[in-house]
Amino acid sequence: MQEVVVLSEAGDALRASITCEIDHHTARAIRDLIDKRLFLVRPKILELDFSAVRFMDSSGVGLIIGRSSLCESLGAHVRVRGLSGLLMKLVRLSGVDKIKNVSIQ
């Protein structure tokens, strides 16, 4: 299977660079990889990088919301970056930008 997410660490941050489209087929693999590393590293910031994502459906929104909930329980903040205009619109319409421990850049 093609690599779906590249994980890297810098200081107190864990960066997850998502490298594929996000739908119900890929969201589970992405979530599992990120969650395993979150529990191992316990970063202060989880940065979700969507720069390489050209398509996502509501599964992508669920991915962000789920990581937000998990990070909140771990005392971490979620930073979302690299959203295209269309993905940004989807995220804003869903209200993700209103979640207290999520920032969109």
Side-chain angles (χ1 to χ4, degrees):
M1 181 175 164
Q2 169 189 340
E3 191 168 35
V4 295
V5 63
V6 176
L7 298 168
S8 58
E9 299 164 34
D12 288 341
L14 171 64
R15 174 184 263 186
S17 299
I18 301 167
T19 61
C20 63
E21 295 182 347
I22 305 172
D23 58 22
H24 71 281
H25 296 291
T26 58
R28 175 175 285 175
I30 295 166
R31 182 189 70 226
D32 290 347
L33 290 167
I34 293 170
D35 289 358
K36 284 179 189 176
R37 187 68 69 88
L38 273 171
F39 282 112
L40 182 66
V41 175
R42 304 279 177 145
K44 297 288 182 202
I45 297 170
L46 170 63
E47 184 175 279
L48 298 173
D49 183 358
F50 287 82
S51 298
V53 177
R54 300 292 159 239
F55 170 83
M56 84 176 186
D57 61 14
S58 61
S59 300
V61 172
L63 179 79
I64 298 169
I65 293 170
R67 291 335 90 227
S68 167
S69 296
L70 179 57
C71 283
E72 185 173 23
S73 70
L74 296 173
H77 180 82
V78 177
R79 184 182 302 149
V80 179
R81 63 180 298 275
L83 293 168
S84 68
L86 188 58
L87 297 183
M88 180 70 81
K89 185 175 181 179
L90 176 63
V91 166
R92 293 217 168 149
L93 283 172
S94 69
V96 168
D97 58 327
K98 306 273 191 285
I99 298 173
K100 68 178 179 178
N101 73 322
V102 175
S103 63
I104 311 244
Q105 299 180 337

> Would Val78 and Phe39 show up in the same hydrophobic cluster when neighbours are defined by side-chain heavy atoms closer than 4.5 Å?
Replying inline: yes
> Atom NE2 of His25 and atom CG of Asp57: how far apart are they, to the nearest 0.5 Å?
Replying inline: 9.0 Å
> Taking only residues two or more places apart in sequence or in another chain, which ones pass side-chain hydrogen bond (donor to acceptor under 3.5 Å, both in side chains) with Glu9?
Replying inline: Arg37
>> Hydrogens and angles aside, do Ser59 and Asp23 bring a side-chain donor and acceptor to less than 3.5 Å of each other?
In response: no
>> Nearest 0.5 angstrom please: Leu90 CG to Met56 CE, how far?
In response: 4.5 Å
> Would you say the side chain of His77 lies within less than 4.5 Å of the side chain of Cys71, judging by non-hydrogen atoms?
Replying inline: no
>> Which residues pass the side-chain hydrogen bond (donor to acceptor under 3.5 Å, both in side chains) test with Ser69, not counting sequence neighbours?
In response: none
>> Run the side chain to side chain contact (heavy atoms under 4.5 Å, CB included) test against Ile30 and tell me which residues pass, sequence neighbours left out.
In response: Val4, Ile18, Cys20, Ile22, Thr26, Ile34, Leu63
>> Which residues pass the side chain to side chain contact (heavy atoms under 4.5 Å, CB included) test with Ser58, not counting sequence neighbours?
In response: none
>> Could you see if Leu74 belongs to whatever hydrophobic cluster contains Ile64? Use Ile, Leu, Val, Met, Phe, Trp, Tyr and a side-chain cutoff under 4.5 Å.
In response: yes
> What pairs with Asp12 under side chain to side chain contact (heavy atoms under 4.5 Å, CB included), at least two apart in sequence or on another chain?
Replying inline: Lys44
Donor-acceptor contacts under 3.5 Å from residues 46-55 side chains, at least two apart:
{"from": "Glu47", "atom 1": "OE1", "to": "Arg79", "atom 2": "NH1", "distance (Å)": "3.3"}
{"from": "Glu47", "atom 1": "OE2", "to": "Arg15", "atom 2": "NE", "distance (Å)": "2.5"}
{"from": "Glu47", "atom 1": "OE2", "to": "Arg15", "atom 2": "NH2", "distance (Å)": "2.6"}
{"from": "Asp49", "atom 1": "OD1", "to": "Ser51", "atom 2": "N", "distance (Å)": "2.9"}
{"from": "Asp49", "atom 1": "OD1", "to": "Ser51", "atom 2": "OG", "distance (Å)": "2.6"}
{"from": "Asp49", "atom 1": "OD1", "to": "Arg81", "atom 2": "NH1", "distance (Å)": "3.4"}
{"from": "Asp49", "atom 1": "OD2", "to": "Arg81", "atom 2": "NH1", "distance (Å)": "2.9"}
{"from": "Arg54", "atom 1": "NH1", "to": "Ser51", "atom 2": "O", "distance (Å)": "3.2"}
{"from": "Arg54", "atom 1": "NH2", "to": "Ser51", "atom 2": "O", "distance (Å)": "3.1"}

> Which pairs count as salt bridge (Lys or Arg N to Asp or Glu O under 4.0 Å) when at least one residue sits in residues 95-105, sequence neighbours excluded?
Replying inline: Glu72-Lys100, Arg92-Asp97
>> Membership question, hydrophobic clusters at under 4.5 Å side-chain separation (ILVMFWY): are Ile45 and Val80 in the same one?
In response: no
>> According to side-chain hydrogen bond (donor to acceptor under 3.5 Å, both in side chains), who are the partners of Ser17, at least two apart in sequence or on a separate chain?
In response: none
>> Going by side-chain hydrogen bond (donor to acceptor under 3.5 Å, both in side chains), name the residues that satisfy it together with Asp32, two or more places apart in sequence or in a different chain.
In response: none
> Who pairs with Asp35 by side chain to side chain contact (heavy atoms under 4.5 Å, CB included), at least two apart in sequence or on another chain?
Replying inline: Arg31, Leu38, Arg67, Leu70
